[in-house]
> 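Let me give you the structure first, and then I'll get to my questions.
No hydrogens, no waters, no symmetry mates; every other heavy atom, side chains included, goes into these values. We count ligands from 1, going down the list as the structure has it; atoms in each ligand are counted the same way.
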Amino acid sequence: MRSPKDFFAPLAVGAPEPLRQIPVPPSRMIHFFDPGNEKMAAKVPDLAKKVDVLLGNLEDAVRADRKVAARNGLVSIAKATDLGKTQLWTRVNSLDSPWVLDDLITLVTEIGDKLDVIMVPKVEGAQDIHYVDRLLAQLEARAGLTKPLLVHAILETASGVANVEEIAGASPRMQGISLGPADLAASRRMKTTRVGGGHPGYLVRTDPVGEDLNEGRTTYQQDLWHYTVARMVDACAANGILPYYGPFGDIRDVVACEDQFRNAFLLGCVGAWSLHPVQIDIAKKVFSPSPEDVAWARRVIAAMGDGTGAVMIDGKMQDDASVKQCRVVAELADALAADDPELAAAYDAAGKETSA
Ligand SMILES: CCC(=O)SCCNC(=O)CCNC(=O)[C@H](O)C(C)(C)COP(=O)(O)OP(=O)(O)OC[C@H]1O[C@@H](n2cnc3c(N)ncnc32)[C@H](O)[C@@H]1OP(=O)(O)O
Ligand SMILES: O=CC(=O)O
Ligand SMILES: [Mg+2]
């Protein structure tokens, strides 16, 4: 464990100063694509106009014999494409794999100035972040980078969950954490074969009404991921970094995908992964607060003046705490609306309706 006095010191001579606060541009959807897949790569310029984050994936879902093509493809795309304000992230291979060292050396050396965040899979504890932290500092120094690369961990091992608080605070590079429900299910020996989402067998049942134990008893499906998402959100919030829901594998089931994303949004996540173009608009809709919620939040903030005391609005008590809740929603809306005139207009229109 580094002394708090040294926490913000660069880890290599010539490496850029670590950031004191992570930037928070919109990152409602982290759109995964395989940079070695020509069809997907061809869509990057158009996708860049639609998504907050483009992620060139080098890890799982890229065949072993396509790893080098994916890595080289990402280098070419990053050099050739103007992504505008859209962030460029990558997911490198896991730290025990034969590819990760070359992933990091190549990407930082060739396109370190174009990349914003490096996603590290299968993080087990702070030691994994410390390893990446020092290596990145050495590579940044050698490449002459002036802006530090940020690190995002996937929470997808039982050890990772047990150590999530120390992972979140392991380095000033830590930008955020995503839930990885597929690897996590395997690591925990959970008995679901689905990639994220619920399971019809994970339920609670109302009490029996008579002698017949099968008669008239409603069941409610429960969220398999509630505990982990909530724990991840707390670890992130306590360390000033951002939590994300990860993949939802049933691409066809856009309805359940929206539900899973919304559960994560309500619990505090700022975004989710999109694995297929059809999931982009779902994430955009869910992780942008609704116009009605924004209108309400702005109304409470206006009514609360300096933010102290208590007022009644439409029969609901508001005080210092509830105005803070409303500021979370209103500040997110302002940040998103700043770059999205359509959203800004929807928020303003809802505000006018509420005050009419
Ligand atoms: C579970 C744990 C994890 O690690 S999740 C993260 C790793 N997995 C991934 O990154 C998967 C990314 N997605 C994919 O590989 C594909 O979307 C999968 C799921 C295989 C479906 O592809 P496919 O059968 O081609 O779907 P489709 O015919 O509906 O595609 C229509 C057109 O869209 C394209 N497309 C598909 N996915 C993407 C994507 N993620 N980014 C950009 N483009 C995509 C397809 O190539 C297809 O293009 P075209 O119309 O034929 O030109
Ligand atoms: O990488 C993601 C997962 O769910 O596993
Ligand atoms: Mg995984």
Side-chain angles (χ1 to χ4, degrees), residues 29-64 66-67 69-71 73-74 77 81 83 86 88-97 99-100 103 117-124 128 152-161 164 167 176-190 192-199 224-225 228-229 232 243-254 257 260-261 264 269 271-284:
M29 72 299 290
I30 304 170
H31 183 75
F32 273 59
F33 72 98
D34 172 356
N37 175 319
E38 281 175 20
K39 276 190 179 175
M40 288 193 195
K43 292 186 170 49
V44 163
D46 278 345
L47 286 170
K49 296 182 195 131
K50 294 187 66 182
V51 303
D52 296 334
V53 178
L54 269 171
L55 180 143
N57 176 37
L58 309 186
E59 200 224 8
D60 294 355
V62 175
R63 286 168 52 109
R66 298 292 299 162
K67 294 288 186 187
R71 186 194 299 143
L74 183 57
I77 290 167
T81 320
L83 299 177
T86 302
L88 181 63
W89 295 21
T90 185
R91 178 171 80 168
V92 293
N93 284 288
S94 60
L95 298 179
D96 61 353
S97 75
W99 304 290
V100 66
D103 290 345
V117 176
I118 296 183
M119 185 182 273
V120 181
K122 302 178 178 64
V123 171
E124 305 257 1
D128 289 339
H152 182 110
I154 311 181
L155 195 58
E156 54 180 353
T157 67
S159 304
V161 177
V164 65
I167 292 169
I177 300 181
S178 288
L179 173 76
D183 271 302
L184 182 55
S187 169
R188 283 177 171 162
R189 307 188 68 74
M190 290 167 70
T192 169
T193 53
R194 300 172 175 208
V195 174
H199 192 291
L224 280 173
W225 306 108
T228 317
V229 172
M232 175 181 76
Y244 298 77
Y245 181 78
F248 187 86
D250 192 342
I251 308 290
R252 192 188 47 88
D253 192 352
V254 291
C257 175
Q260 181 78 74
F261 285 5
C269 290
W273 301 1
S274 54
L275 302 184
H276 185 281
V278 77
Q279 295 183 334
I280 293 172
D281 284 340
I282 303 174
K284 184 170 179 183

> When the ring planes of F261 and Y245 are compared, do they come out parallel, tilted or perpendicular, using 30° and 60° as the limits?
tilted
> Report yes if E156 has an N/O atom closer than 3.5 Å to an N/O atom of ligand 2; otherwise report no.
yes
> Could you tell me whether R91 and ligand 1 have an N or O pair separated by under 3.5 Å?
yes
> Quick one: which ligand 1 atoms are inside 4.0 Å of a heavy atom on A182?
1 (C)
> Quick one: do D60 and K122 make a salt bridge, cutoff under 4.0 Å?
yes
> Which residue in the set V51, N57, L54, L275 passes side-chain contact (heavy atoms from CB on, under 4.5 Å) when paired with F33?
L54
> Can you tell me how far CG of L83 sits from CG of L47, rounded to the nearest 0.5 angstrom?
10.5 Å
> Write the atom name of the N, O or S atom in D183 that is nearest the Mg ion (ligand 3).
OD2
> Of the protein's non-hydrogen atoms, which lies at the shortest distance from atom 51 (O) of ligand 1, and what is that distance?
K39 NZ, 3.1 Å
> Look up atom CZ in R91 and atom CE in M119, then write down how far apart they are to the nearest 0.5 Å.
7.0 Å
> Where do A185 and T192 come nearest, in terms of heavy atoms and distance?
CB-CG2, 4.1 Å
> Identify, for atom 41 (N) of ligand 1, the protein heavy atom at the shortest distance, and state residue, atom and that distance.
H31 NE2, 2.9 Å
> Identify the heavy atoms of A41 and P35 that sit nearest to each other, and give their distance.
CB-O, 4.1 Å
> In the protein, which heavy atom is nearest to atom 9 (C) of ligand 1, and how far is it?
A61 CB, 3.7 Å
> Parallel, tilted or perpendicular: which one describes the rings of Y244 and W89, with boundaries at 30° and 60°?
perpendicular
> Quick one: does atom 27 (P) of ligand 1 have a protein heavy atom under 4.0 Å from it?
yes
> Grab the two heavy atoms, one from G197 and one from W225, that are nearest each other, plus how far apart they are.
O-NE1, 3.0 Å
> Please confirm whether A182 comes within less than 3.5 Å of ligand 2 when only nitrogen or oxygen atoms on both sides are compared.
yes
> Hey, does R91 sit under 4.0 Å from ligand 2 if you only count heavy atoms?
yes
> Under 3.5 Å, is there a donor-acceptor pair linking the side chains of T228 and R188?
yes
> Output the list of atoms in ligand 1 that are nearer than 4.0 Å to some heavy atom of P247, sorted by atom number.
5 (S)
> Please confirm whether W273 comes within less than 3.5 Å of ligand 2 when only nitrogen or oxygen atoms on both sides are compared.
no
> Does P181 reach ligand 2, in the sense of a heavy atom lying below 4.0 Å from it?
yes
> Relative to the Mg ion (ligand 3), which of the N, O or S atoms in E156 is the closest?
OE1
> Quick one: nearest non-hydrogen protein atom to atom 1 (C) of ligand 1, plus distance?
V195 CG1, 3.6 Å
> Which residue and atom name correspond to the protein heavy atom nearest atom 16 (C) of ligand 1, and how close is it?
M40 CE, 3.8 Å
> To check your reading of the model: name the closest protein heavy atom to atom 37 (N) of ligand 1, its residue, and the distance in Å.
P277 CD, 3.5 Å
> So how far is it from E38 CD to K43 NZ, rounded to the nearest 0.5 Å?
11.5 Å
> What pair of heavy atoms forms the shortest contact from P247 to G180, and how long is it?
CD-CA, 4.4 Å
> Go through ligand 1 atom by atom and flag the ones less than 4.0 Å from a non-hydrogen atom of N57.
7 (C), 10 (O)
> Give the minimum heavy-atom separation between S178 and H152, together with the two atoms involved.
OG-NE2, 2.7 Å
> Do protein heavy atoms approach atom 45 (C) of ligand 1 to less than 4.0 Å?
no
> Which ligand 2 atoms are under 4.0 Å away from a heavy-atom of D183?
3 (C), 4 (O), 5 (O)
> For the pair S159 (side chain) and E124 (backbone), establish whether a donor and an acceptor sit closer than 3.5 Å, ignoring hydrogens and angles.
no
> Please compare E156, K43, H276, E38 and report which has the shortest non-hydrogen distance to atom 34 (C) of ligand 1.
K43
> Are any of the protein's heavy atoms under 4.0 angstrom from atom 20 (C) of ligand 1, yes or no?
no
> Looking only at non-hydrogen atoms, find the nearest pair between V161 and L184 and report the distance.
CG2-CD1, 3.8 Å
> Using distance alone, decide if ligand 1 has a nitrogen or oxygen within less than 3.5 Å of any nitrogen or oxygen in D60.
no
> Using a heavy-atom cut-off of under 4.0 Å, does the side chain or the backbone of P247 touch ligand 2, or both, or neither?
side chain
> Could you tell me whether atom 6 (C) of ligand 1 has at least one protein heavy atom nearer than 4.0 Å?
yes
> Does any N/O atom on I154 come nearer than 3.5 Å to any N/O atom on ligand 2?
no
> If you measure from NE2 on H199 to CZ on R194, what distance do you get to the nearest 0.5 Å?
5.0 Å
> For ligand 1, indicate whether the residue L275 contacts it via side chain, backbone, both or neither (heavy-atom separation under 4.0 Å).
both
> In the complex you have, is atom 23 (P) of ligand 1 within reach of the protein, judged by whether a heavy-atom distance drops under 4.0 Å?
no
> Looking only at atom types and distance, does a side-chain atom of T157 sit under 3.5 Å from a main-chain N or O of S187, one as donor and one as acceptor?
no
> Give yes or no for whether the N/O distance cutoff of 3.5 Å, strictly under, is met between L47 and ligand 1.
no
